[in-house]
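Presented below is the structure to which this report refers.
A note on names: the letters A, B, ... follow the listed sequences, proteins ahead of strands, and every chain is numbered from 1. Note that these values count all heavy atoms, side chains included, but never hydrogens, waters or copies made by symmetry.
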Number of protein chains: 2
Amino acid sequence: MAIKLKDVARQSGYSITTVSRALAGYSDVNEQTRRHIIEVASSLGYQPNLPARQLRIRRTNSLGLVIPARDHSYSNEFFSQLLMGIGDAAAQSGYDLLISAQAPGEAEMACYRRMVGGNLVDGVILVRTRRHDERIAYLSQQQIPFMVFGRAAPGEPCNFSFIDIDSQAAIRALVDHFTGLGHRRIGLILPPEEMAFTPYRLAGYQEGLENAGLPYDPARVVTGDLLRSGGEQGARILLDRDPKITAIIACNDLMALGAMRAIESLNLQVGRDIAVAGYDDIPAAEYAYPSLTTIHQPIYEIGQRLVTLLLDQIEGRNSAHSAVFLPYTLVVRASSGAPRQEGGAQPESS
Amino acid sequence: MAIKLKDVARQSGYSITTVSRALAGYSDVNEQTRRHIIEVASSLGYQPNLPARQLRIRRTNSLGLVIPARDHSYSNEFFSQLLMGIGDAAAQSGYDLLISAQAPGEAEMACYRRMVGGNLVDGVILVRTRRHDERIAYLSQQQIPFMVFGRAAPGEPCNFSFIDIDSQAAIRALVDHFTGLGHRRIGLILPPEEMAFTPYRLAGYQEGLENAGLPYDPARVVTGDLLRSGGEQGARILLDRDPKITAIIACNDLMALGAMRAIESLNLQVGRDIAVAGYDDIPAAEYAYPSLTTIHQPIYEIGQRLVTLLLDQIEGRNSAHSAVFLPYTLVVRASSGAPRQEGGAQPESS
DNA sequence: CAAATGATCCAAAACGTTTTGGATACACTC
DNA sequence: GAGTGTATCCAAAACGTTTTGGATCATTTG
């Protein structure tokens with residue numbers, strides 16, 4: 001049987017109340033008794049029963065986080081970085097993380113209801129905004145503190161606190177980079193429709209083209225599944241539709257690596273014949289051959305900021321909604337080069 | 001104010017007891033009343049207060065996991081894979097994960113005491129065995145169910161349930177692979193001393209040499225910090241001590257990639273002049289140039305098995321200690337080739 | 001017909017904390 | 001010496017469940 005307050009009380013000769021208040025550091029207990037009580041408590045190995053405390057004070061000192069189940073494929077690196085940032089910051093402030101892996105759907109919503117409605121967490125971090133996000137609606141309605149990574153999809157109200165990267169500007173910067181090198185036919189591989197950020201990426205692409213006075217051609221845009229195979233397929237489609245494309249931007253690195261593979265299998269050389277850029281800057285981007293030009297996001301820091309801003313809400317330091325944009329970095333590597341000459345010697349034919 | 005049992009009781013016209021038992025599915029409540037109560041509960045949006053339940057039944061339906069704080073450097077990929085396996089399996093059985101990021105030390109032990117002694121978790125997963133592991137001692141003494149990834153260091157008692165990879169055999173297989181290619185001077189870059197598995201790796205190396213009738217030379221073994229820079233440094237030292245080394249085995253991929261970089265900076269060619277192998281099979285190993293020969297471990301599956309075995313303990317399906325070894329795979333890629341000819345032309349020529 | 005059985009329900013205790021609202025004793029003020 | 005403060009302590013209530021140990025009534029059994 002575990003030691004409880006009652007045992008410490010009996011052993012020390014004081015009441016349960018006094019023991020509780022002594023250990024909690026209240027000023028209405030004599031310094032000497034406090035020392036004695038602490039002494040007794042630690043000699044008995046007293047550990048407070050936390051569910052009991054949580055029931056009483058309605059606080060748990062833990063933060064809820066639902067991560068996508070069974071997709072260790074494309075977002076691994078992303079989530080591990082984010083989780084480390086979240087975990088480190090939470091631990092530093094004395095909070096635990098309550099994590100559940102759920103695929104989008106009814107079970108996922110039930111999980112939020114359990115954590116929030118069941119009083120298991122003091123706040124929630126929500127990671128991938130969707131269009132018409134039911135989770136956000138629920139959390140707002142429950143009035144529990146929460147922070148979101150990723151703003152709402154364009155056209156939807158965004159009355160919650162979030163951190164985001166200006167991915168529209170990031171994609172625009174990639175396009176600028178390419179047009180600056182002389183590219184005029186640039187393909188784009190987008191993420192799936194349902195992701196809230198997809199429209200922003202497309203908009204950035206269009207802005208970039210406009211900046212350079214280039215026309216927007218929907219035939220040069222294709223959607224991929226964020227996996228390497230999706231990039232491979234996407235690149236094939238793009239090059240099939242228009243063999244004169246000289247650059248491809250994929251909306252994540254994995255698809256970019258797939259695109260590189262497709263390009264090589266067409267006997268073209270990445271970086272010389274066709275420039276490629278990705279998004280995310282996963283470690284493999286640096287080790288790839290040729291190394292991959294991409295957009296670096298400070299994922300770890302985002303995780304940390306999510307926590308600090310969430311704790312500001314929980315601990316009542318800030319009530320206003322915060323909309324934080326963190327900077328990205330354009331990382332230029334070997335996969336992006338000037339375009340092959342129009343009409344010059346072509347690989348297979350042309 | 002949240003809806004509680006009392007509200008459902010009042011609204012449905014039954015007692016708190018009956019409502020509780022109806023929702024819990026006991027057979028001593030009329031099927032019709034049960035339906036009515038469930039109806040009322042869901043129309044009121046009843047969510048049970050879980051800390052209260054936990055306090056009462058002394059179960060939380062969550063598993064504890066302490067991950068290393070602030071080392072998003074070398075074990076990222078490893079931990080994210082493992083976490084996905086653990087998270088998926090736990091969620092599938094209706095368990096949450098309680099996670100805290102702690103650096104080894106007193107705060108880490110306090111974290112275990114809080115989780116276990118504080119009744120926050122029903123079981124614990126412990127990830128990186130150390131020598132004389134205080135955490136394992138504590139968990140055994142507390143008699144809480146726990147599963148460990150990694151057996152005890154050689155010479156220490158191993159009276160707990162664990163899953164491990166036979167890394168001794170894995171390293172031996174790498175050495176066999178190299179000696180089979182004709183290599184006779186093979187360097188080794190070990191993990192730091194304090195890791196429990198380090199001696200097993202060294203033993204595998206020695207066994208491999210013995211298999212091939214080669215002498216063991218301590219000068220060909222060096223310790224690295226598991227980072228890329230450690231591999232770079234290690235390779236330099238090895239090649240400095242004996243320039244005739246034709247193969248290097250690093251005990252993780254990151255160090256192997258560092259070694260490759262060191263080799264290239266000496267104007268030697270990886271895979272032709274010097275063979276390199278790693279351990280872990282992180283994604284970058286495949287994308288590296290040349291791609292890296294390495295040992296693949298089924299990390300995701302390990303995570304899953306850790307959970308299923310832990311739940312067997314928690315739910316009383318199995319009391320005996322289990323010692324599970326899962327298979328590794330030798331993945332041969334471009335970084336390992338036959339040795340350059342003894343006495344033949346040296347790096348810069350031939 | 002009394003007793004036993006079975007179906008359905010419930011009051012109250014218990015889980016281990018924290019907090020409320022004093023109680024007590026002593027010192028100081030006027 | 002009455003009143004006011006202050007320091008120190010505590011009994012009991014409360015948090016929202018689950019479970020124990022019956023109670024009640026209708027039905028069946030001997």
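Classified by interplanar angle (parallel below 30°, tilted 30° to 60°, perpendicular above 60°), the ring pair B:Phe78/B:Phe149 is parallel.
In this structure, A:Glu156 does not pair ionically with A:Arg130, as no charged nitrogen and carboxylate oxygen lie closer than 4.0 Å. A salt bridge does not link A:Arg128 with A:Glu108: every distance from a Lys NZ or Arg NE/NH1/NH2 to an Asp or Glu carboxylate oxygen is 4.0 Å or more.
Of all nucleotides listed (D:dT8, D:dC10, C:dC10), D:dT8 comes nearest to the side chain of A:Asn30.
Partners of A:Phe325 under the ring-ring contact (aromatic ring centres under 6.0 Å, His included) rule, at least two apart in sequence or in another chain, are A:Phe162.
One finds the CE atom of A:Met115 at 11.0 Å from the CG atom of A:Leu139 (value rounded to the nearest 0.5 Å).
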Using a 4.0 Å heavy-atom cut-off to protein, can you give one letter per nucleotide of nucleotides 14-24 of chain C, 5' to 3': B if the base is in contact, S if only the sugar-phosphate is, - if neither? BBBBBBB----
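A close approach under 4.0 Å does occur between a side-chain nitrogen or oxygen of B:Tyr14 and OP1 or OP2 of C:dC9. For B:Ser15, a side-chain nitrogen or oxygen approaches OP1 or OP2 of C:dC10 to under 4.0 Å.
Among pairs with a residue in residues 54-67 of chain B, those fulfilling salt bridge (Lys or Arg N to Asp or Glu O under 4.0 Å) read B:Arg59-B:Asp122, at least two apart in sequence or across chains.
Within the 4.0 angstrom heavy-atom criterion, no nucleotide atom of any strand lies near B:Ser27.
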